[in-house]
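Please read through the structure below; I'll follow up with questions.
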Protein chains: 2
Amino acid sequence: MTEPIKKKYRASPFLRRGGAKPKRAERLLTVALELFSKSDFSAVSIKKIADEAGVNSSLIYYYFDSKEILFQAALERAVLQTLQNYEMLRERHNNPAELISDWFDTHIVLAEPIKKLVKIMLDYSTSGTQHEVIDSIIYQFYKEESQLLSASIEWGIKLDLFNAVDPLRAARLASTFLDGAMTRALIMPTLDVAEVINDLKDVFWEHLGYDPTSKSKGCQQPVHHLLS
Amino acid sequence: MTEPIKKKYRASPFLRRGGAKPKRAERLLTVALELFSKSDFSAVSIKKIADEAGVNSSLIYYYFDSKEILFQAALERAVLQTLQNYEMLRERHNNPAELISDWFDTHIVLAEPIKKLVKIMLDYSTSGTQHEVIDSIIYQFYKEESQLLSASIEWGIKLDLFNAVDPLRAARLASTFLDGAMTRALIMPTLDVAEVINDLKDVFWEHLGYDPTSKSKGCQQPVHHLLS
DNA sequence: GTCTATATGCAGATAGAC
DNA sequence: GTCTATCTGCATATAGAC
């Protein structure tokens with residue numbers, strides 16, 4: 001089960017902005033993420049990815065040592081892009097309630113790429129195979145999300161905007177619910193994600209004892225940094 | 001993409017209790033569900049299922065016309081068993097708060113089989129293939145769950161136990177969150193599902209304006225009707 | 001009902017020409 | 001960098017003996 005770990009495109013500092021990155025590799029990663037999120041790892045053939053990207057299947061092995069490496073790179077890229085969104089969220093707000101509200105809205109606007117991310121993480125986690133790199137990517141993702149949320153909640157409590165709830169637990173609650181919304185949307189494509197997330201938002205404010213109408217400065221457009 | 005629909009083991013009145021059902025077929029369904037939930041459809045080979053069940057791989061084709069039919073039958077069985085649990089839940093309580101509480105607890109106790117169910121539904125839904133039968137099974141599953149919950153909430157409102165929330169939306173909220181708990185547990189196996197679900201329960205009572213400590217008659221053991 | 005043997009096809013991966 | 005050609009193995013599925 002523990003396959004030999006192959007290398008290439010191992011560089012974690014992805015998307016080195018401005019760097020002369022191979023366009024083909026980027027294109028392949030985008031297509032791969034798209035397909036891996038639609039179907040699952042073993043159902044997606046190298047040929048399908050190549051066809052979709054408009055190249056010969058052999059070329060994939062020029063950029064990535066194996067299908068697994070390609071999968072890993074696609075997942076890493078998706079996580080990093082999502083983390084970048086979180087970072088932008090953080091920088092954009094000087095008010096915890098707005099930040100959290102924006103975080104919910106971001107999940108509505110970016111529902112599609114986030115659904116892909118959830119699906120692909122799920123496939124990996126339940127596949128039985130383990131790779132340190134991927135494990136740590138996923139771990140970091142949830143850690144960052146948890147930190148973003150719990151820090152905001154704590155901050156709101158200090159400002160006396162929120163009830164004195166346990167920040168970590170409340171963060172986990174919100175984060176877990178969002179996973180649920182994504183999962184449900186994957187299972188039932190007809191689901192109105194926005195509606196569900198807004199319902200949750202209401203309940204979450206209720207839990208925090210926060211009245212969103214009181215301090216609303218108009219709904220800012222959520223940050224997009226579109227995945228693929 | 002639209003494969004010809006094969007038959008055999010087509011009989012939806014599964015588990016006809018008392019009926020002389022082939023033990024081998026049952027065994028195969030159990031093993032199949034187990035494997036399909038661990039990995040994904042295309043990653044699970046017929047041979048693996050056969051090996052695990054201790055029979056020759058050809059035998060599977062004696063009972064099921066194809067791998068897809070086997071998958072479909074396994075999913076159907078899992079859903080029906082879960083629905084049976086819901087039915088037992090319904091019959092066991094004459095108090096909406098207890099019923100809902102028991103519903104949450106059931107998800108803790110039966111986390112493993114329910115995780116399998118969620119995973120397998122997800123795999124199917126995102127596979128791109130469509131089969132009327134499976135679609136309707138999944139649809140029915142969520143419909144029944146929604147009915148169980150919303151009816152209980154409505155009931156509680158009438159009894160003046162709960163706030164006058166929108167029963168359907170509240171039901172969807174709880175149900176979606178549970179999906180999230182299962183998803184998260186699949187992605188991060190170290191997660192303490194019980195803890196997360198109990199947190200949700202608290203928030204849900206809060207939302208319904210219900211104080212669980214007031215009327216607690218001691219925690220009844222949740223219903224099990226173990227999914228293999 | 002359960003097995004052995006096998007047909008058939010496609011997937012992942014490599015070698016090497018251009 | 002990108003392609004053609006090809007090796008190798010395994011997966012689904014079938015035929016047919018017992």
Side-chain angles (χ1 to χ4, degrees), chain A residues 1-11 19-32 35-36 38-74 123-124 127-129 131, chain B residues 1-11 19-32 35-36 38-74 123-124 127-129 131:
Chain A
M1 277 295 157
T2 314
E3 295 108 46
I5 296 171
K6 299 189 178 183
K7 292 166 300 179
K8 195 186 283 183
Y9 214 85
R10 183 76 307 224
K21 58 203 161 190
K23 274 186 192 166
R24 271 280 150 72
E26 290 297 321
R27 168 90 183 126
L28 284 170
L29 284 176
T30 302
V31 171
L35 292 178
F36 281 137
K38 270 195 211 148
S39 309
D40 47 57
F41 184 77
S42 14
V44 177
S45 71
I46 290 283
K47 189 168 179 323
K48 208 166 173 180
I49 299 172
D51 286 353
E52 206 82 11
V55 298
N56 188 281
S57 61
S58 300
L59 190 58
I60 289 180
Y61 290 95
Y62 175 76
Y63 289 107
F64 308 94
D65 275 337
S66 71
K67 196 183 166 188
E68 276 214 45
I69 294 287
L70 172 58
F71 176 86
Q72 175 177 323
D123 277 346
Y124 166 71
S127 73
T129 62
H131 296 272
Chain B
M1 276 295 155
T2 314
E3 296 108 46
I5 296 170
K6 300 189 179 183
K7 291 166 299 180
K8 195 185 285 183
Y9 215 87
R10 182 75 308 218
K21 59 205 162 192
K23 273 186 191 166
R24 271 280 150 71
E26 289 297 320
R27 168 89 183 127
L28 284 169
L29 284 176
T30 302
V31 172
L35 292 178
F36 280 137
K38 270 197 211 146
S39 309
D40 47 56
F41 185 76
S42 15
V44 177
S45 71
I46 289 282
K47 189 170 179 323
K48 209 165 174 181
I49 298 172
D51 286 353
E52 206 82 11
V55 299
N56 189 281
S57 61
S58 301
L59 189 58
I60 289 181
Y61 290 95
Y62 174 77
Y63 290 108
F64 308 93
D65 274 338
S66 71
K67 196 183 167 187
E68 275 214 47
I69 293 288
L70 172 58
F71 177 86
Q72 176 177 324
D123 277 347
Y124 166 72
S127 74
T129 63
H131 296 271

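Note: hydrogens, waters and symmetry copies are ignored here, and every other heavy atom, side chains too, is used.
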Between D:dC3 atom P and A:Lys47 atom NZ, what is the distance in whole Å?
-> 12 Å
Distance, rounded to the nearest Å, where B:Ile49 contributes CD1 and C:dT2 contributes P | 16 Å
Would you say D:dT12 has OP1 or OP2 under 4.0 Å from some side-chain N or O of B:Lys67?
-> yes
Check: B:Phe64 and B:Leu29 side chains under 4.5 Å, non-hydrogen atoms | yes
Taking only side-chain nitrogens and oxygens of A:Tyr61, does any of them come within less than 4.0 Å of OP1 or OP2 of C:dA13?
-> yes
Establish, with yes or no, whether the OP1 or OP2 oxygen of C:dT2 is under 4.0 angstrom from a side-chain nitrogen or oxygen of B:Tyr63.
-> yes
Output yes when at least one side-chain N/O atom of B:Arg24 is less than 4.0 Å from OP1 or OP2 of C:dT2, else no.
-> yes
In whole angstroms, how far is the C1' atom of D:dT14 from the CZ atom of B:Phe64?
-> 18 Å
Under 4.0 Å between a side-chain N/O of B:Tyr62 and OP1 or OP2 of C:dT2, yes or no?
-> no
End-to-end axis angle, where each axis spans five pairs of the helix from C:dG1-D:dC18 to C:dC18-D:dG1, to 10° = 10°
Starting at atom CD of A:Glu68, determine the distance to atom C1' of C:dA11, rounded to an integer number of angstrom.
-> 15 Å
What is the distance, rounded to the nearest whole Å, between atom CZ of A:Phe71 and atom P of C:dA11?
-> 18 Å
When all nucleic acid strands are considered with a 4.0 Å heavy-atom cut-off, which category describes A:Ser58: base, sugar-phosphate, or nothing?
-> base
Measure from the side chain of B:Ile46, starting at C-beta and using heavy atoms only, and say which of C:dA13, C:dT2, D:dT12 lies closest.
-> D:dT12
Of the nucleotides C:dA11, D:dG1, C:dG1, which one has an atom closest to the side chain of A:Leu59?
-> D:dG1
If every non-hydrogen atom of B:Glu68 is compared with every non-hydrogen atom of B:Phe41, which pair is closest and at what distance?
-> CG-CZ, 3.6 Å
Can you tell me how far C1' of C:dG1 sits from CD1 of B:Ile60, to the nearest Å?
-> 14 Å
Whole-Å distance between D:dT12 C1' and B:Asp65 CG?
-> 13 Å
Ignoring the backbone of B:Asn56, work out which of C:dC3, D:dT4, D:dT12 is nearest its side chain.
-> C:dC3
